[in-house]
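One structure is given here, and the rest of the page talks about it.
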Amino acid sequence: LHIREKRAELCTALGLEADRPLILSALPSDNLYMGRPECDFQIYADLVKFWCQSISSMQGYNHVVALHPSLRYDDMKYIEDYGLKITRLPTAHVIPLCDIYVASGSSTIQWAIACGKPVVNYDVFRYRYTDYQNVSGVITVEEQDEFLSILKKMMTDQSYYKLIASHQKECAEHWGRLDGKAAERLQDVFRSTIALYAREVQVS
């Protein structure tokens, strides 16, 4: 119920249709400023255009973008002309509300795994990190046509979507515990560490 309410609030704030499924993408930062010949794009604006147009071309979904912390909203708000909406909420707050998460080798992918959300990991810079290579709910692609193909399949083939979602949920607990008790566990760690240190000081 809490998730449904938060999702409805997000859709209202962004002017989206609440009854549509939601695809959230984390737009990567500009890693081309020092050159990245392995990447298909040598100009960041071209990468952004392809990324946004590819996602917005998928019909029947709400398309929401979370900006990388290095990107300024005022500089990037033009991408809404491509048919997406930029959320200014923290990415961690929006991932639980989406149906599909799209990112590029981001550490935020682990949050989506913990939430059981299917992930399209578009390795647009071709860094080929191995962090998620054994996670069946994370589909990693490098090529532009692969990116478009997997987006379309994820959004139109419900059997495939449910399979990927089930894989993600099977390993979700290995990536995070969403029980609302993280602060309590941290406090326990601090207490045990302080107690251990106190004992060592007494012994010495």
Side-chain angles (χ1 to χ4, degrees), residues 2-3 6-7 9-11 13-14 16 21-33 36 39 41 44 47-48 50-52 54-56 58 61-73 75-77 79-80 84-142 146-147 150-151 154-155 161 164-165 167-180 182-183 185-186:
H2 179 69
I3 292 296
K6 290 296 182 182
R7 181 161 161 159
E9 290 175 5
L10 176 69
C11 289
L14 297 179
L16 301 172
L22 190 153
I23 177 170
L24 173 67
S25 64
L27 189 66
S29 60
D30 183 0
N31 291 354
L32 300 175
Y33 65 96
R36 183 66 186 170
C39 181
F41 307 95
Y44 183 62
L47 185 161
V48 171
F50 175 75
W51 182 287
C52 294
S54 297
I55 293 174
S56 64
M58 302 299 154
Y61 272 71
N62 286 326
H63 311 107
V64 177
V65 174
L67 298 177
H68 188 274
S70 67
L71 301 174
R72 295 178 65 250
Y73 171 76
D75 294 335
M76 302 304 299
K77 61 183 179 182
I79 68 175
E80 293 192 335
L84 308 96
K85 294 290 186 178
I86 297 174
T87 177
R88 303 181 77 172
L89 293 173
T91 304
H93 292 191
V94 189
I95 286 177
L97 313 181
C98 76
D99 295 284
I100 299 172
Y101 186 56
V102 181
S104 182
S106 172
S107 60
T108 61
I109 289 176
Q110 61 189 311
W111 302 341
I113 300 172
C115 291
K117 304 296 182 179
V119 175
V120 176
N121 177 25
Y122 180 25
D123 188 11
V124 66
F125 299 112
R126 293 195 171 100
Y127 288 130
R128 294 171 183 160
Y129 298 139
T130 60
D131 305 56
Y132 312 110
Q133 65 179 6
N134 295 318
V135 183
S136 300
V138 177
I139 309 301
T140 300
V141 296
E142 293 184 355
E146 287 181 321
F147 182 52
I150 197 63
L151 282 176
M154 193 83 77
M155 295 180 186
Y161 172 83
I164 300 303
H167 287 326
Q168 202 74 300
K169 290 174 182 176
E170 287 173 1
C171 66
E173 290 188 0
H174 296 290
W175 291 81
R177 295 176 63 183
L178 306 181
D179 57 5
R185 283 193 288 274
L186 285 172

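Every heavy atom of this structure was used, including side-chain atoms; hydrogens, water molecules and symmetry mates were not.
Here the NZ atom belonging to Lys6 is positioned 13.5 Å from the SG atom belonging to Cys11, to the nearest 0.5 angstrom. Rounded to the nearest 0.5 angstrom, Ile164 CD1 and His167 NE2 are separated by 5.5 Å. Note: Leu24 CG to Lys85 NZ = 15.5 Å, rounded to the nearest 0.5 Å. Atom CE of Met76 and atom CD1 of Ile86 lie 7.0 Å apart (nearest 0.5 Å).
Side chain of Ser25 to main chain of Leu27: no donor-acceptor pair is present (N/O by atom type, distance under 3.5 Å, no hydrogens or angles). Here the side chain of Asp99 pairs no donor or acceptor atom with the backbone of Ile23 at under 3.5 angstrom. Without hydrogens or angle criteria, Ser29 side chain to Asn31 main chain gives no donor-acceptor distance under 3.5 Å. Looking at Gln168, its side chain does come within 3.5 Å of a backbone N or O of Gly137 through a donor-acceptor pair. Side chain of Asn121 to main chain of Gly105: a donor-acceptor pair is present (N/O by atom type, distance under 3.5 Å, no hydrogens or angles). Counting only distance, with no hydrogens or angles, the side chain of Lys117 and the backbone of Cys98 share a donor-acceptor pair below 3.5 Å.
Ring planes of His63 and Tyr61: parallel class, angle under 30° (limits at 30 and 60°).
Counting non-hydrogen atoms of neighbouring residues, nucleotides and ligands closer than 6.0 angstrom, the OH atom of Tyr73 exceeds 12 such neighbours.
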- May I have the step-by-step check of side chain to side chain donor-acceptor pair (under 3.5 Å) for Thr140 and Tyr122, ending in yes or no? CA-CA 6 Å; Thr140 300; Tyr122 180 25; over 6 Å; no
- Task: Please lay out, stage by stage, how Tyr44 and Trp51 fare under the test ring pair (Phe, Tyr, Trp, His ring centres under 6.0 Å).
- Result: CA-CA 10 Å; Tyr44 183 62; Trp51 182 287; 9.8 Å; no
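Here the side chains of Val65 and Ile79 are in contact, with some heavy-atom distance below 4.5 Å.
Under 4.0 Å is where a charged nitrogen must lie from a carboxylate oxygen, and between Asp30 and Arg36 no such pair does.
Two rings, from Trp111 and Tyr101, have their centers 6.0 Å or more apart.
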